[in-house]
Enquirer: 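The structure's right below; bear with me while I get my questions together.
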Amino acid sequence: MRDLLEIREEIDSVDAELVALYVKRMGLAEQVAEYKISNGKQVFDKEREIAKLEKVAELVEASSLKSGVKELFEQIMSMSRKRQYQILAEHGLGVKLDFAQVDKLPEQDVRIVYQGEEGANSQSAMKAYFGEEAKGVPVETWRDAMEIIAAHKADYAVLPIENSSAGIVTENYDLLVEYDNVIVGEQIIKIDHCLLGLPEAELSDIERIYSHPQALMQCSHYLEEHREWEKHSVKNTAVAAKKIMQDGRRNQAAIASRNNADIYGLKILKEEFQNNVNNSTRFVIVAGKKLFAKDAKKISICFEIPHESGSLYHTLSHFIYNNLNMNKIESRPIQKRNWEYRFFVDFEGNLNDSAVQNALRGLEEETIKLRILGNY
């Protein structure tokens, strides 16, 4: 049996050869890029790569090594493509962006819409982002808000996008895809839920609870202790508080924020009973114009990929290769295509960054559909 140190020394020698061959291969990839630029050819040639993988697998006799060799060359060709995308960008052939950069987003004398009634959490997020003096117009649904800014009848809409306890607001993810509006900002606010009833009501009177589905989920532990209560979903926590005031029934209560008690003349029957004491919701500020501030630091995108093995793995490799830090990934089902999904990714960067442009160029070529949802 050979000595381990001797084997490792031989491995080091082989590795040095591999590195030299890798450098040589990347040099050839650069020549390929120059040729494709001159002849207007795309970098990604899927059929060529499939044929190449089959060919290199045939060079190996041991069946146990064939899949490993194919995986190795998949990675080599993937890195080759990424280097070619960099060269294209250096020649001014990066991804075409239809976003306009501004020094600072307009925030004074702007028209803002949010979903819900007076006292809605969306209104609180609006004031936190634009200032206490900001005057927003409430609308009935999130879709209404998106319609209004798409028609340029308002400058911004404020939409909840995810909660630290209940997860994403799926409807708003879908609306971001449906409309050609873009995210231009975000605001995180702490959400403290209270149980609100009529001034004369007591906790023992309560039989029915009203709130937004997300709020009901965020307070599920406490509600589980009161299974006798009927739970009813409404469009907004402030809508729930307003309903309790308007109905005037002692056996009804709303889960809503503390300020709703003052706005609607209600009594706090139970304070801050959400599952997570640090319960927070992230809101996005959405505009109908494709703008981004020059100091924007986060990018949101969505994309669709082939429904086949390794697709997501290879797609995400563009972030690794370009040293981009991904903050979040979510998926949503694609309508009318069972078991296929659209992916949403948040990552750090600015649309002016060369690394971002390289990654986007690769994603544009190698995904079925890519959409930049905003840089903020």
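Since the model is a prediction, treat every value here as computed from it, not as a measurement.
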Enquirer: Are the side chains of His314 and Met77 in contact, using a 4.5 Å heavy-atom criterion?
Expert: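 No, too far: nothing below the 4.5 Å cut-off.
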Enquirer: Of Gln115, Glu178, Glu171, which is the lone residue that meets side-chain hydrogen bond (donor to acceptor under 3.5 Å, both in side chains) with Arg143?
Expert: Glu178
Enquirer: Say you draw a straight line from CD of Glu200 to CZ of Arg250; how long is it, rounded to the nearest 0.5 Å?
Expert: 6.0 Å
Enquirer: Nearest 0.5 Å, what's the CG-NE2 distance between Asn276 and His193?
Expert: 10.5 Å
Enquirer: Tell me whether the count of non-hydrogen atoms from other residues, nucleotides or ligands lying under 6.0 Å of CD in Gln108 goes above 12.
Expert: no
Enquirer: Say whether, by atom type as modelled, one donor and one acceptor occur between the side chain of Asn163 and the main chain of Ala166 under 3.5 angstrom.
Expert: yes
Enquirer: Distance check, rounded to the nearest 0.5 Å: Arg342 atom CZ versus Glu330 atom CD?
Expert: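 It comes to 14.0 Å.
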Enquirer: CG/Asn278 to OG/Ser164 distance, rounded to the nearest 0.5 angstrom?
Expert: 7.5 Å
Enquirer: Determine whether more than 12 heavy atoms belonging to other residues, nucleotides or ligands lie under 6.0 Å from atom CG of Asp3.
Expert: yes
Enquirer: Looking at Val43, is its backbone amide N or carbonyl O close enough to the side chain of Lys36 to form a donor-acceptor pair, meaning the two atoms are under 3.5 Å apart?
Expert: yes
Enquirer: Atom CD of residue position Glu308 - does it have more than 12 heavy atoms of other residues, nucleotides or ligands inside 6.0 Å?
Expert: yes
Enquirer: With the threshold set at 4.0 Å, does a side-chain nitrogen-carboxylate oxygen contact exist between Asp15 and Arg8?
Expert: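 Not counted as a salt bridge, because no side-chain N and carboxylate O are separated by less than 4.0 Å.
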Enquirer: With the threshold set at 4.0 Å, does a side-chain nitrogen-carboxylate oxygen contact exist between Glu162 and Lys328?
Expert: yes
Enquirer: Under the 3.5 angstrom rule, does the side chain of Lys190 hit a backbone N or O of Val277 as a donor-acceptor pair?
Expert: yes
Enquirer: With the side chain counted from C-beta on, respond yes when Phe99 and Leu291 share a heavy-atom pair under 4.5 Å apart, and no when they do not.
Expert: no
Enquirer: Checking the side chain of Ser80 only, and the main-chain atoms of Ile76 only, is there a donor and an acceptor separated by less than 3.5 Å?
Expert: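 No, because the side chain of Ser80 does not come within donor-acceptor range (under 3.5 Å) of the backbone of Ile76.
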Enquirer: For the backbone of Leu324 and the side chain of Asn322, can you confirm whether one donor and one acceptor N or O come within less than 3.5 Å of each other?
Expert: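 Such a contact is absent between Asn322 side chain and Leu324 backbone.
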Enquirer: Quick one: do the Gln101 and Asn352 side chains pair a donor with an acceptor below 3.5 Å?
Expert: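 Side-chain D/A pair, Gln101 to Asn352: present.
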Enquirer: Considering only heavy atoms from C-beta outward, does the side chain of Ser122 approach that of Pro160 to under 4.5 Å?
Expert: yes
Enquirer: Can a donor-acceptor pair be found, under 3.5 Å and without considering hydrogens, that links the side chain of Asn172 to the backbone of Val169?
Expert: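 Looks like no, no N/O pair under 3.5 Å.
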Enquirer: Membership question, hydrophobic clusters at under 4.5 Å side-chain separation (ILVMFWY): are Leu312 and Val177 in the same one?
Expert: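 No, it is not one cluster - the side chains of Val177 and Leu312 are not joined through contacts under 4.5 Å.
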Enquirer: Check the pair Thr237, Asn260 against side-chain hydrogen bond (donor to acceptor under 3.5 Å, both in side chains), reporting the backbone distance first and the verdict last.
Expert: CA-CA 9 Å; Thr237 53; Asn260 283 204; 4.9 Å; no
Enquirer: Membership question, hydrophobic clusters at under 4.5 Å side-chain separation (ILVMFWY): are Val184 and Phe283 in the same one?
Expert: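 As far as the 4.5 Å side-chain criterion goes, Val184 and Phe283 are connected within one cluster.
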Enquirer: Could you note down all residue pairs passing salt bridge (Lys or Arg N to Asp or Glu O under 4.0 Å) where residues 52-69 supplies at least one of them, sequence neighbours left out?
Expert: Glu54-Lys70
Enquirer: Could you walk me through whether Tyr264 and Glu118 satisfy the side-chain hydrogen bond (donor to acceptor under 3.5 Å, both in side chains) test, starting with their C-alpha distance in whole Å, then the side-chain angles of each, then the deciding distance to 0.1 Å, before giving a yes or no?
Expert: CA-CA 9 Å; Tyr264 297 107; Glu118 176 76 15; over 6 Å; no
Enquirer: Sub-3.5 Å donor-acceptor pair from the side chain of Gln218 to the main-chain atoms of Asn275, do we have one?
Expert: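 No: the side chain of Gln218 does not pair with the backbone of Asn275.
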Enquirer: Could you check whether any side-chain N or O of Asn350 sits under 3.5 Å from a backbone N or O of Ala296, counting only pairs where one atom can act as donor and the other as acceptor?
Expert: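 Flag set: sc Asn350 to bb Ala296 pair under 3.5 Å.
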Enquirer: Applying side-chain contact (heavy atoms from CB on, under 4.5 Å), can you list everything that pairs with Asn325, at least two apart in sequence or on another chain?
Expert: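 Partners of Asn325 under the side-chain contact (heavy atoms from CB on, under 4.5 Å) test: Asn327, Glu348.
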Enquirer: So, taking the atom named CE in Met146 and the one named CG in Asn181, what distance separates them when rounded to the nearest 0.5 Å?
Expert: 4.5 Å
Enquirer: Donor-acceptor check, side chain of Ser38 to backbone of Glu34, threshold 3.5 angstrom: yes or no?
Expert: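 Side chain of Ser38 to backbone of Glu34: a pair is present.
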Enquirer: Would you indicate whether the side-chain heavy atoms of Tyr85 and Phe44 approach each other to under 4.5 Å?
Expert: yes
Enquirer: Taking only Lys NZ, Arg NE, NH1 and NH2, and the carboxylate oxygens of Asp or Glu, determine whether Lys290 and Asp180 approach each other closer than 4.0 Å.
Expert: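 Between Asp180 and Lys290 there is a salt bridge, with a charged N closer than 4.0 Å to a carboxylate O.
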Enquirer: A side-chain contact here means heavy atoms from C-beta on lying under 4.5 Å apart; do His91 and Ile87 qualify?
Expert: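 Heavy-atom side-chain distance check passes, below 4.5 Å.
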Enquirer: Step by step, would you call Asp346 with Arg282 a salt bridge (Lys or Arg N to Asp or Glu O under 4.0 Å)?
Expert: CA-CA 13 Å; Asp346 292 348; Arg282 181 166 74 102; 3.2 Å; yes
Enquirer: Which ILVMFWY residues are connected to Trp229, directly or by a chain of links, through side-chain heavy atoms under 4.5 Å apart?
Expert: Leu195, Leu203, Ile206, Ile209, Leu216, Tyr222, Leu223, Ile255, Leu269, Phe273
Enquirer: Does one hydrophobic cluster hold both Met126 and Val286, with members joined at side-chain heavy-atom distances below 4.5 Å?
Expert: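 In one cluster with Met126: Val286, no.
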Enquirer: What is the ring orientation for Tyr156 with Phe130, classed by angle as parallel under 30°, tilted 30 to 60°, or perpendicular over 60°?
Expert: tilted
Enquirer: Evaluate whether atom CZ of Arg227 has more than 12 neighbouring non-hydrogen atoms of other residues, nucleotides or ligands under 6.0 angstrom away.
Expert: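 It does not: Arg227 CZ has 12 such atoms or fewer within range.
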Enquirer: Take Gln274 and Asn279, measure what side-chain hydrogen bond (donor to acceptor under 3.5 Å, both in side chains) needs, and give me the verdict at the end.
Expert: CA-CA 7 Å; Gln274 62 272 8; Asn279 185 37; 5.3 Å; no
Enquirer: Run Arg2 and Glu10 through salt bridge (Lys or Arg N to Asp or Glu O under 4.0 Å) and show every step you take.
Expert: CA-CA 11 Å; Arg2 294 176 65 191; Glu10 189 170 346; 2.6 Å; yes
Enquirer: Mind telling me whether Phe344 and Tyr173 have parallel, tilted or perpendicular rings, with 30° and 60° as the class edges?
Expert: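 It falls in the perpendicular class, over 60°.
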Enquirer: Should Leu360 and Phe343 be counted in the same cluster of Ile, Leu, Val, Met, Phe, Trp and Tyr side chains packed under 4.5 Å apart?
Expert: yes
Enquirer: Determine whether Glu90 and Arg83 satisfy the following criterion, salt bridge (Lys or Arg N to Asp or Glu O under 4.0 Å), listing intermediate values before the conclusion.
Expert: CA-CA 11 Å; Glu90 291 166 4; Arg83 178 62 187 129; 3.8 Å; yes
Enquirer: Starting from the C-alpha separation in whole Å, work towards a yes-or-no answer on salt bridge (Lys or Arg N to Asp or Glu O under 4.0 Å) for Arg258 and Glu271.
Expert: CA-CA 8 Å; Arg258 177 184 296 276; Glu271 293 188 88; 2.4 Å; yes
Enquirer: Within the side chain of Asp144, is there an N or O that forms a donor-acceptor pair under 3.5 Å with the backbone of Thr141?
Expert: yes
Enquirer: Would Lys298 count as a cation-pi partner of Tyr376, with NZ or CZ less than 6.0 Å from the six-membered ring centre and within 45° of the ring normal?
Expert: no
Enquirer: Do other residues, nucleotides or ligands put more than 12 heavy atoms under 6.0 Å from Gln335 CD?
Expert: no
Enquirer: What distance separates Gln84 CD from Asn358 CG, expressed to the nearest 0.5 Å?
Expert: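 If we round to the nearest 0.5 Å, Gln84:CD and Asn358:CG are 12.5 Å apart.
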Enquirer: Is Arg81 salt-bridged to Glu49, going by a charged N under 4.0 Å from an acidic O?
Expert: yes
Enquirer: Find out whether Cys302 and Arg332 are in side-chain contact, i.e. whether some heavy atom of one side chain is under 4.5 Å from a heavy atom of the other.
Expert: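 No, every pair of side-chain atoms sits at 4.5 Å or beyond.
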Enquirer: Begin from the C-alpha positions of Lys231 and Ser211 and carry the test side-chain hydrogen bond (donor to acceptor under 3.5 Å, both in side chains) through to its verdict.
Expert: CA-CA 8 Å; Lys231 289 86 174 177; Ser211 197; over 6 Å; no
Enquirer: Tyr114, Leu159: one ILVMFWY side-chain cluster at the under-4.5 Å cut-off?
Expert: no
Enquirer: Determine whether Lys235 and His212 make a side-chain contact, defined as any pair of heavy atoms from C-beta on separated by less than 4.5 Å.
Expert: no
